[in-house]
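Quick notes on the structure that follows.
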Amino acid sequence: MTIKVYNTLGRCKQELVPLRPGRIRMYVCGPTVYDSCHIGHARSVVVFDVIYRYLKARGYDVYYVRNFTDVDDKIINRANELGISCEALAGQYIDEFHVDMKAINMRPPDMEPLATGHISQIIEIVGLLIEKGYAYEAQGDVFFSVQKWPEYGKLSGRRLEDMEAGARVEVDHRKHSPFDFVLWKASKPGEPAWESPWGKGRPGWHIECSAMSAQYLGETFDIHGGGKDLIFPHHENEIAQSEAAFGKTSASYWIHNGFININQEKMSKSLGNFLMIKDIVKKWHPEALRLFIVSSHYRSPLDYTRQAMAEASASLDKIYGLLERVAHVFDHWPPETEDSGDHEKSDSGTDLWQRFCDAMDDDFNTARAMGLLFEAVRSLNRQIDEQGAGSACLSPGGRARIADMLRIGDVLGLMEDSPARYFQMRKQAVLDSQEIDPEWIEEKIRQRKDARKAKDFALADQIRDELQALHITLEDRPEGTIWKHGDGKT
RNA sequence: GGCGGCAUAGCCAAGUGGUAAGGCAGAGGCCUGCAAAGCCUUUAUUCCCCGGUUCGAAUCCGGGUGCCGCCUCCA
C-alpha cells in the first residue's frame, strides 16, 4: 500500500516516497504572530495535523516542524500602533496560538522555531547566495535575482514574461527585475535589527523558512506544506533561494490546503468577517470544528456558515450517541476492545481500518473517510439494537469495529472525549446560555415522571414541551429519563 | 492580461472509464402512552450545456456557460 499525495510541484498525485525509508520530515508554514488565529489558520493547522497523525499511524517516523514568523512589517506596524515591542507582541500571540491549538486538540509539532532565533543561519544563506551570484546588495538591502535562476516559476507555473505583461509591479529601480525579492532588509530606526555584513537589518519574509527547514530537516526534506495562497510568492521564492543556495532539491512534495470562505465571502478586514478560533470554540465543541474541516477534501474551497457548523455538530452528536451506547453496553469507557492488532478481517469481517487507509492513502481523502465512519456508526447501532438493551457484550466483530473507529478518531482528532464528558459539555452549554439551574430540570423531570405514573399524559407532555422550548430534549430510557441539549423545536 | 481551480439530489459532500458513498433536511414504517434516540425503507434513470472518443463516461477529448482563487500582506 502506498500513499499518494497531490504535489503542487508537478500538479498531480504522486506516490509518497520518503527520502529515507520509513522516515518523513515535514515543514509547514506557521502563522505570522501579529493577530489572533482565525478559522483559516484552523483549517491549515487541522489539515496538516491530520496528515501528521496519519503518517505516524502508518508507522512512519515523522518529524514535523512548524515555524512562527515573529519579525516582519505587519508585526512592526502593529507593535508601533500599540506602543509595545515586537517581541512582546509576538510573544503574546504565540501564547494565544498555543491556547487555540490546545483547544482544538492539535498535536504539537516536534519543533516550533522562531525566525528571530535563526538570524545567523539566515545571514549565512544570504551570504552564500551573494557568493554564488544569485543575489546582490543595494544600499543595505539584499535582493534575490530571479533572472539568474532559470527554474524560477516552476512551483506556481508562472513565467516571468507573463507576469511582467499584466501584473501591477512596485517600482524599485534598485531591482534588476521587478520580481526580485528581498532577502535582507536594511532596518529603519526603531525597527528590530541585527548586525550583518550589509549593515544593520532584518530578514526578508521568505528566507526564514529556508533557514529553519534546512537546519531542522536538512537541505532536502520530504514534505513542505501551507495554505494555497503561499504558493506564490512565498513558496516560489523559498524554493528558488533554497535550491540556489544549497544546490539541491528543497522539498520533494509541496502540499497546499484550500481556503475557507465565510458565507461565500472571503474573510477580509474590510468586511469585518474574520472568525477567530477562540470565538468558535466558545460556541461549538472543538471536535465539531474539526469534523466540519475534515468533511471535505483539504484542497477544496470550504464555505463556513452557521448551518454548516450546526450540521457538523449534529453529526458529531450522532457519533457520540453511538459511543454513549457502547459505553453503556460495556459499562465502561473506554471499552475493553481487544485491539485486533494487525487488523485482519475478523469473523464478522471488519475491514474498517483498511478501508479508512485506502481513503487516506488517496491524497488524504478525509471526506471519504467520514462516509466510512458513519457507515460504521449505523452498523454498530443496528447491532446494539438487535442485541437489546442490557446485553453485556458485543460480538468480536463489533468490538473490532469499535477499536477501528477509535483508531480512526486518533487520526482525525475526533472521539477523544468520553461520551459522558461530551454530553455533559453539550448540556453545560445549554445551562450557561440560558442560566438554568440543572436541579430545576431534574425537578421538572420528577414532576413529569409522577404525571406519567398517574397517566396524566397531558401534564407530562406539557412539561416536556416547556423544556423543549428551552432547548432541553428528554429521552425516556429503560433506566429512567435523561435530558440532552436540543434544538428548541416544539 | 497571465496562471490555476470548481460546477454531482432541497442543502453539505465523496466518486477520474463499468452503471451514482456518506451526512443534514423530507416522506413512510418499527419502537414508544405520545415523543426522543436508534433501526428499516424511501428521496439524482442521472452528475452545468453542446459535440466527440468508447461496447460503455459524472469520470477522457474539444467547444460553450457560470462561479471562484492567485498574480499585493494573507492559512
Side-chain angles (χ1 to χ4, degrees), chain A residues 8 11 13 28-32 34-35 37-48 72-74 77 153 156-170 179 205 225-234 236 256-261 264-269 291-292 295-297 299-303 305 307-308 310-319 321-322 324-325 355 359 362 365-386 389 452 455-458 460-461 464-465 468 473-477 481-484 486:
Chain A
T8 305
R11 296 211 188 84
K13 283 186 199 172
V28 174
C29 288
T32 301
Y34 72 107
D35 205 348
C37 273
H38 54 67
I39 188 171
H41 294 106
R43 184 178 197 189
S44 176
V45 125
V46 166
V47 162
F48 289 104
D72 96 331
D73 292 346
K74 294 191 293 292
N77 292 341
S156 57
R158 290 157 206 268
R159 294 179 307 166
L160 286 171
E161 314 87 76
D162 292 340
M163 292 197 290
E164 280 166 29
R168 290 168 289 164
V169 172
E170 64 179 278
F179 292 96
W205 173 33
K228 227 175 183 134
D229 56 313
L230 296 180
I231 295 171
F232 192 91
H234 182 52
E236 190 67 64
H256 295 97
N257 63 277
F259 265 37
I260 291 192
N261 290 331
Q264 295 184 319
E265 281 176 326
K266 185 177 167 168
M267 281 190 284
S268 76
K269 300 275 188 219
L291 192 146
F292 167 68
S295 289
S296 63
H297 188 88
R299 284 188 282 114
S300 309
L302 185 52
D303 192 34
T305 60
Q307 193 200 342
E311 284 184 11
S313 183
S315 299
L316 192 62
D317 283 346
K318 192 184 174 91
I319 293 169
L322 168 71
E324 187 185 40
R325 297 185 81 192
R355 294 205 293 150
D362 183 12
N365 195 331
T366 51
R368 202 163 105 203
M370 287 311 296
L372 296 171
L373 201 55
F374 282 109
E375 282 177 13
V377 167
R378 182 150 42 85
S379 113
L380 280 161
N381 266 321
R382 182 170 51 230
Q383 205 178 328
I384 293 171
D385 276 356
E386 283 166 0
R452 291 179 73 205
K455 300 268 188 249
D456 184 356
F457 294 120
D461 291 350
R464 187 173 59 202
D465 290 346
Q468 188 60 59
T473 300
L474 299 186
E475 280 184 33
D476 295 325
R477 297 185 176 184
T481 298
I482 63 112
W483 72 273
K484 283 186 172 175

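Chain letters run A, B, ... following the sequence lines, proteins first, then strands; residues in each count from 1. Everything numeric here is computed off the predicted structure, so don't read it as measured data.
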In the strands shown, is [N] matched to any nucleotide by a Watson-Crick or G-U wobble pair with both distances under 3.5 Å, and which?
N     : result
B:A36 : none
B:C31 : none
B:C73 : none
B:U46 : none
B:U54 : none
B:U59 : none
B:U65 : B:A7

Checklist line | Whole-Å gap separating C1' (B:C6) and CD1 (A:Ile260) | finding: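 These atoms are roughly 17 Å apart.
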Check: Which whole-number value in Å describes the distance from A:Met370 CE to B:G23 P?
Finding: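 Whole-Å distance recorded here is 10 Å.
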Which nucleotide wins on minimum distance to the side chain of [X], given the candidates [options]?
X        : options             : result
A:Asp385 : B:G33, B:C39, B:C74 : B:C39
A:Glu311 : B:C12, B:A36, B:C71 : B:C12
A:Arg11  : B:G23, B:G4, B:C74  : B:G4
A:His41  : B:A75, B:G23, B:A36 : B:A75
A:Met267 : B:C70, B:C74, B:A75 : B:A75

Check whether any side-chain N or O of [X] sits under 4.0 Å from OP1 or OP2 of [N], and answer yes or no.
X        : N     : result
A:Lys318 : B:G22 : no
A:Arg378 : B:G23 : yes
A:Ser313 : B:C24 : no
A:Asn261 : B:C68 : no
A:Arg325 : B:A37 : no
A:Trp483 : B:A36 : no

Could you measure between the two [atom1] atoms, the one in [N] and the one in [M], and give it in whole Å?
N     : M     : atom1 : value
B:C47 : B:G17 : C1'   : 15 Å
B:U16 : B:U59 : C1'   : 5 Å
B:C67 : B:C49 : C1'   : 15 Å
B:U8  : B:A58 : P     : 15 Å
B:G38 : B:A9  : P     : 26 Å
B:C60 : B:G15 : P     : 12 Å
B:G10 : B:C3  : P     : 36 Å
B:A20 : B:U42 : P     : 14 Å

At 4.0 Å (heavy atoms only), tell me whether [X] reaches a base, stays on the sugar-phosphate, or touches nothing.
X        : result
A:Leu230 : sugar-phosphate
A:Ser300 : sugar-phosphate
A:His234 : nothing
A:Phe457 : base
A:Arg464 : base
A:Gly226 : sugar-phosphate
A:Gly227 : sugar-phosphate
A:Ala367 : base
A:Asn365 : sugar-phosphate
A:Arg43  : nothing

Can any side-chain N or O of [X] pair as donor or acceptor with the backbone N or O of [Y] at less than 3.5 Å?
X        : Y        : answer
A:Asn365 : A:Ala359 : no
A:Arg43  : A:Gly258 : yes
A:Arg11  : A:Ser156 : yes

Next item on the list: Run the numbers on A:Asp362 and A:Lys13 for salt bridge (Lys or Arg N to Asp or Glu O under 4.0 Å), then give the verdict.
Entry: CA-CA 9 Å; A:Asp362 183 12; A:Lys13 283 186 199 172; 2.8 Å; yes
[N] base to [X] side chain: any donor-acceptor pair below 3.5 Å?
X        : N     : value
A:Glu375 : B:G22 : no
A:Arg452 : B:G33 : yes
A:Asp229 : B:G69 : no
A:Asn77  : B:C73 : no

Next item on the list: Take A:Pro31 and A:Asn381, find for each the nucleotide of RNA chain B with the closest heavy atom, and name the residue whose nucleotide sits nearer the 5' end.
Entry: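 The residue mapped nearer the 5' terminus is A:Asn381.
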Next item on the list: Select from A:Gly157 and A:Leu302 the residue whose nearest nucleotide in RNA chain B is closer to the 5' end of that strand.
Entry: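 Between the two, 5'-proximity favours A:Gly157.
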Quick check: do [X] and [Y] have side-chain heavy atoms less than 4.5 Å from each other?
X        : Y        : answer
A:Phe48  : A:Asn257 : yes
A:Lys484 : A:Asp317 : no
A:Arg158 : A:Pro233 : no

Item checked: A:Asp385 with A:Arg382: basic N within carboxylate O range, under 4.0 Å ->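 The answer is no: the pair does not qualify as a salt bridge.
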Margin query: Tell me whether the ring of A:Phe259 lies stacked over the B:G69 base, given a 5.5 Å limit on centroids and a 30° limit on the plane angle.
Written below: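 A stacking contact does not exist, since A:Phe259 is not both close and nearly parallel to the base ring of B:G69.
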Next item on the list: Using only heavy-atom distances, determine whether the side chains of A:Thr481 and A:Glu475 contain a donor-acceptor pair under 3.5 Å.
Entry: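 Absent: no donor and acceptor within the cut-off.
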